[in-house]
Structures are given as C-alpha cells and as structure tokens.
Amino acid sequence: MNRKIMAASLAVLSLSGGAFCVEAADMPVYTLEGVVVTASRVPEKKIDSNADVSVVTAKEIEEKHYDDVSEAIRHVPGVNIANYSGSGQNYSTNRIYINGSSNVVVLVDGIRRNINGITGNTANLGSLVNMDTIDRIEVLKGSASTLYGSDAEGGVINIITRRPRENGVKTTLRTSFGNEDKEKYTLYNEGREGNLFWTLEAGKELMGDFKDGWGRRVIDHLNAEHYDTKIGYDLGNDSSLVFNYQKYKSDYTRPDTGSNDKAADKGKKNDDSLSIQYKDQINERLSNQFSLYRNRTTFKDNYNFSGSWPTLWDMGMKTTGVSDQLTWKLANQTVIGGFDWYKDEITHYHNIAPSGATVKAVPDGTHISNTAFYVQDKIDITGQWNITPGVRFDHHSKFGNHTSPSLSLGYKQSENTNYYLNYKTFFVAPNLYQLYSPQYGRPDLDPQEGNTIEFGVSHRFSDSMNGTFNLFHTHAKNILTFDNAYRAENSGKADINGFNLSLDKQFSSHWEAGIGYSYLHAPAQNGKNINLDGVLPESTLNVNVTYKADKFNASLNGRGVMNRYGKKAYPEMRNYANYWVWDVAANYQFTKNATLFARVNNIFDQFYTDVGSSYGPDAYDPARGYDWYSAPGRNFEMGLQFTF
C-alpha cells in the first residue's frame, strides 16, 4: 500500500476538524448520531457500531432520483458497480464489489435476496427499482459472516423499507421523460389505520438505444414494470406481523457480445419475491424475529436466435428460506443467536440451438442448501471498552461442515470518537451457476476461504462535521473467479489491502458537502488476475455538494476513477483507466403538493466503461472477440411529482 497516500488520508481525518468553524442551523439528514441496524442486527448509533457503515437515505433517493439500488450506492466509498448496459436491467448486469470482493449478501428488511445461481452476479440490483418504498439503504463494508452468512466476505447491503407510523394516507404520483426515449411512471401509496399499515407501489419504465461518450449508438431497449405490496399489523409492545410481495418483469434488447456489436439479442425477465416476518418483543430484554421467504427469477435471453452459438438461454431459479433470531439484552451485554436455512434450486435450465433442438443444460430440480447456527455476544467491559466474540456453524449440502469465528474489539474514547479492531473469517461455497453451468461451470470447485482484519475510527469533529476511516486486509485462498474463457475456476490465493475514508460537512443551513476516497490494492496472484473484468480501480474519489432552500434544492455528484486496469492487465485499456463522471439533479416545489425535477447524468459526456475489456473500444474482430461495454454518454431527465 502507498504509505504516503495512507499518511495523507490519516492527516486529513485527524486535522480537518480545525479547518472549518461554521455553526450549522440544521443538522445533515444523516449523521453519526443516526441509528443503524446492519452492523450488529440491533439498533445502535452509527458512531457506536464497530464497523464501516454508509447510509443512503430516502431523502437522498428522492432528491437525486436514483433509478435503482445499484445507482443509489454507486457513490458509497468502497463500492464498485460493473454495469454492462444503460439501464442495469438485463440478465447480466450490475456486478457489485465491496472492498474488492464480489461476495456480498443483499437483504431487504434483513431477509436474504441473493441470487446464487442465475449468472455470476451476487444479486441483480438493477431489478430492485421500487425506490419509493425505501426508507434507507445501509451498506456494511467488510466481512460480516457471523450474522449474515459465511459468504458475506465483502460486506452486506440491507435495503430497509418504509413503515408508516401515523394514521392517514399519502399518495405520490411521478412521471418523467428524457432523451434515449426514456419514460417513467410511478404510483406510490402508504397509510395507516390504527394497527394496520401498508405501502403500495407500481411503476413502468421505457428506454431506447443510448449514445456513449463518442456519440456511438448502443442497442439497449427496455420495457419494464414493477409492483410492490407490503401489509403489516402492529401487535403492540413493539411486536408486528408483516407480509411483503414484490414483482418485476421486463422485455429488453441488448447487443449480442458488446457495445460494438450490431446483432440484437432480445430477452424477457420475470422476478418475484414473497416474505412473511414476525417480530415479537417478548419482554423488555428478550425479543425474537422470524422470517419466511421465497424468491423466484426466470428469464429467456436471446429468444430471437441471433448470433452463432447456442442461442436461447431459458432459465429459472427459486430460493426458499427461513431464519429466526433471538436477541437478549442484559445490563452490560447483548447476546444474539439464531439459525438460517435456505435452498437454491434450478427449476429449469436449458439452451435451444439455432437448429431448434433443445439441449437441457441442468436437470430440473438441481439444488443446494445451507443450514447455519450463529451466536454473537457484545460485552461492555468498561464504559469505554467492549468486546464482541462470535461464531457461525454452516452445514452445506455439498461441502459439509464449516465454522467461521469472529472477534471485534471496540474503544469509545468519548461521545465523539470510536475506534474498533475486527477479525472475521469467511467461507464461500460455489453457487449453482459456478458448479453446474454446462458452458461455464465446474462441479469439482472448492469453497473460497479466508479472513479479514479491519481497523477503523469514527469521529464527530463538531455538530456539523463527521468523518470515518477504515483500513482492511483480506486474505483468501481457492479464489472463485472465471478464466479467460469465462469458465469458473479456483485461481489460488489473494491478499487484498485497502482503506476507505469519508468526510461530511454542513457549512450552513443551505450548503452541505461530502468527500469519500477508496484505495484498493488487489494484485494478480499465482499468475491469475482476480480483478474480474478489470472492474476494480486502485483509487476512487467521490465528491458531492448539495444546496437546499425553501422550495429549491440541487446536488452535484462526481466520481473519479484512477488506475483502473493496472500495469499488466488489459494493456489496450490504459488510455481509459482514469476518468471523471459528474451528475447533477435539481428539484423545485412550485406548490405545496407539486414538484418539478430534472437531472443530467454524465454532464461532460465522458467516454468510459464500467467493466474491462480484453481489447480497446474500437475492437470489432470476431476472431478475437469484441467485448467492450460502453457506459451512456450525457443524458437528461425531467419530470413532475404530485403528493396528496
């Protein structure tokens, strides 16, 4: 790791508090005083959590008009999103990495939403488009295997949905239009009558081809719709029963092999998710949370039979799971214990060749399951020191038993400063796609194992300024990745080092700003490059500035990517290893219930890609491949929102 960069970052974090002496009339929307639940599965102040947690609030989602969850977390330090299209909603998009790892657990209200077998992705965040239902998104960076699954090597994304607290009904209508034939329509309704509460959302999105930063037109049609229904009943004494159903379906068109390819592949996608969650506050010290869920996803990709190799990919998968967690709060400690069980099943998976012959790829009903028990105990040794030992036991149907211990040490120097040191282990079993895909799978794969060591500090410099710093080292063996032919493999060992730094400052009642910097060193190991698709940059700098007035607000976001492809990997990509992308959004409330909004993405029409390529952007040689995926150039959107 570059010691000069690290030293400079520590100096900024330590000394910046004296650089600004502005009293704020209002606190930021979210500060270190805010409450998070993902770090320990119990509510606690963000500054008290011994973890690197970032939060994207509902207010930020509303003001910046993010289209999906992946777009909302793109500016979080330590997070990298690899998007293969303009919308992020076709079958292969939105690979996600946290602290250099693609092994990430995705939750909705604490319920698992991973897709362990459709493609190489952890979860299809591009399909999570019901943004009006979200209260906040908590991004936990760093291994969290004890509480969330031994595959949570990189971290956890917990999407926490809205829960109306007051009696009454509120409805929001939104419509917007943009270039690239973009149209969006959304209806959101929430309400409460006594103990009964609900949220309902429905939306539709249309999109056409887009132009990249060079003005080249890229195939990217989309016709998508989504629905979300949550109905809950408060049972009193902080106990409740909640039912949730989400539905997403789309027709899309994408280029066959990359942005330069003029052959269009048509596809259909159909996802739904069903869950029931029961929370029981047994007494003032003891509580229980029980969840039952079922997730399904199906798609037919390239059903128009373009291209020359096996064309139609018709696949369906179902995940069924149950979990239960018991929390026991004592005077000086909090004990959490529970179990998780889930089964991933391929309901159907076959290809249809250009001749029309059906080739069944995987027997229907092929499945793997995992049963786990875990316990964690946070003990307050003194008023300042705390220690949290934990252990998770997994029984995998294919890979047998595994134990993942963890240990966290925290030191609360004052109400404004918290230090922590964490040691956590992980165990990542290959998923169904990696094991059984006829073209890309290997049934003889080994699980990926390793550990992560973290040191971090959260500090409140003043009532208007907060900062966090997290330094991590990850060691892993039997790395699960893909070879040059995109076939799954174990590629040896890896040691990843890095750090994340963030500073947020409110200068006045009108102006706020934030900066986030991430450094990552993920070298090739044993002659193998673990930096899949060249996604991971060495350095990423995120900048945001927000202005707020009575009826008007605006925000500017910038993301700088530096040294993306390294010195050896992808030599033809070196000219595209560094770039900046800037976005702006604005809202004007011209009546009590009506708001006019607009946004411009990629203001300066930057030419770039979210993923790597073996060749440069001009390559179009079928003998070599042509797998460059351009990101959209400058694009805009304008719309109206009515609330009543």
Which residue is it: E138, H75, K141? I am looking for the one with a side-chain hydrogen bond (donor to acceptor under 3.5 Å, both in side chains) to S54. K141
Side chains of [Y] and [X]: any donor to acceptor distance under 3.5 Å?
X	Y	value
N542	N557	no
N50	N386	yes
D238	Q281	no
D68	S70	yes
R74	Y66	no
D380	N332	no
Y420	N470	yes
N370	D394	yes
E190	Y188	yes
S145	S404	no
T146	S406	yes
N587	T595	no
T161	D135	no
R113	Q246	yes
S275	Q277	no
T133	T199	no
H473	N497	yes

Decide yes or no on side-chain contact (heavy atoms from CB on, under 4.5 Å) for V69 and I134, but give the supporting numbers first. CA-CA 10 Å; V69 170; I134 296 176; 4.1 Å; yes
Can you find a heavy atom in the side chain of [X] that is under 4.5 Å from one in the side chain of [Y]?
X	Y	result
N578	V561	no
N244	Y293	no
I282	N288	yes
S240	L235	no
N158	V37	yes
Y519	N500	no
F426	D151	no
Y97	V79	no

Salt-bridge present ([X], [Y]; N to O < 4.0 Å):
X	Y	value
E449	K493	no
K412	D48	yes
R599	E62	no
R163	D234	yes
D610	R95	no

Using a 3.5 Å distance criterion without hydrogens, assess whether the side chain of [X] forms a donor-acceptor pair with backbone atoms of [Y].
X	Y	value
K505	E512	no
D377	P389	no
H510	K548	yes

Over 12 foreign heavy atoms within 6.0 Å of CG, D550: no
Heavy-atom neighbours of W580 CH2 exceed 12 at 6.0 Å: yes
Begin from the C-alpha positions of L501 and T468 and carry the test side-chain contact (heavy atoms from CB on, under 4.5 Å) through to its verdict. CA-CA 6 Å; L501 171 71; T468 64; over 6 Å; no
Test ring pair (Phe, Tyr, Trp, His ring centres under 6.0 Å) applied to F499 and Y517, step by step: CA-CA 8 Å; F499 66 85; Y517 176 77; 5.7 Å; yes
Output, in order, the C-alpha distance, side-chain angles, deciding distance and verdict of side-chain contact (heavy atoms from CB on, under 4.5 Å) for F393 and H402. CA-CA 6 Å; F393 172 80; H402 191 86; over 6 Å; no
Which word best sums up how the rings of H65 and F597 line up, parallel for under 30°, tilted for 30 to 60°, or perpendicular for over 60°? parallel
Applying side chain to side chain contact (heavy atoms under 4.5 Å, CB included) between N601 and each of V581, D583, D67, report the one that passes. D583
For the side chain to side chain contact (heavy atoms under 4.5 Å, CB included) test, which of N418, N416, T417 pairs with R460? N416
Rounding to 0.5 Å, atoms OG1 (T540) and CZ (R559) come to a distance of 8.0 Å
Output the distance between atom CZ (R192) and atom CZ (R165), rounded to the nearest 0.5 Å. 7.0 Å
Are L107 and I157 close enough, and set up right, to give a side-chain contact (heavy atoms from CB on, under 4.5 Å), and what steps lead you there? CA-CA 6 Å; L107 311 167; I157 300 168; over 6 Å; no
To check you understand the geometry: which heavy-atom pair defines the closest contact between [X] and [Y], and what is its length?
X	Y	value
S518	G78	OG-N, 2.7 Å
I137	A72	CD1-CB, 3.9 Å
N422	S408	OD1-OG, 2.5 Å
L140	A39	CD2-CA, 4.3 Å
V105	Y148	CG2-O, 3.8 Å
I98	G142	CG2-N, 4.4 Å

Looking at the rings of Y588 and F552, which for Trp means the six-membered one, are their centres under 6.0 Å apart? no
Trace of the ring pair (Phe, Tyr, Trp, His ring centres under 6.0 Å) decision for F290 with Y278: CA-CA 5 Å; F290 175 83; Y278 172 62; 7.9 Å; no
Does the cation-pi check pass for R112 over Y342, that is, NZ or CZ under 6.0 Å from the six-membered ring centre and within 45° of its axis? yes
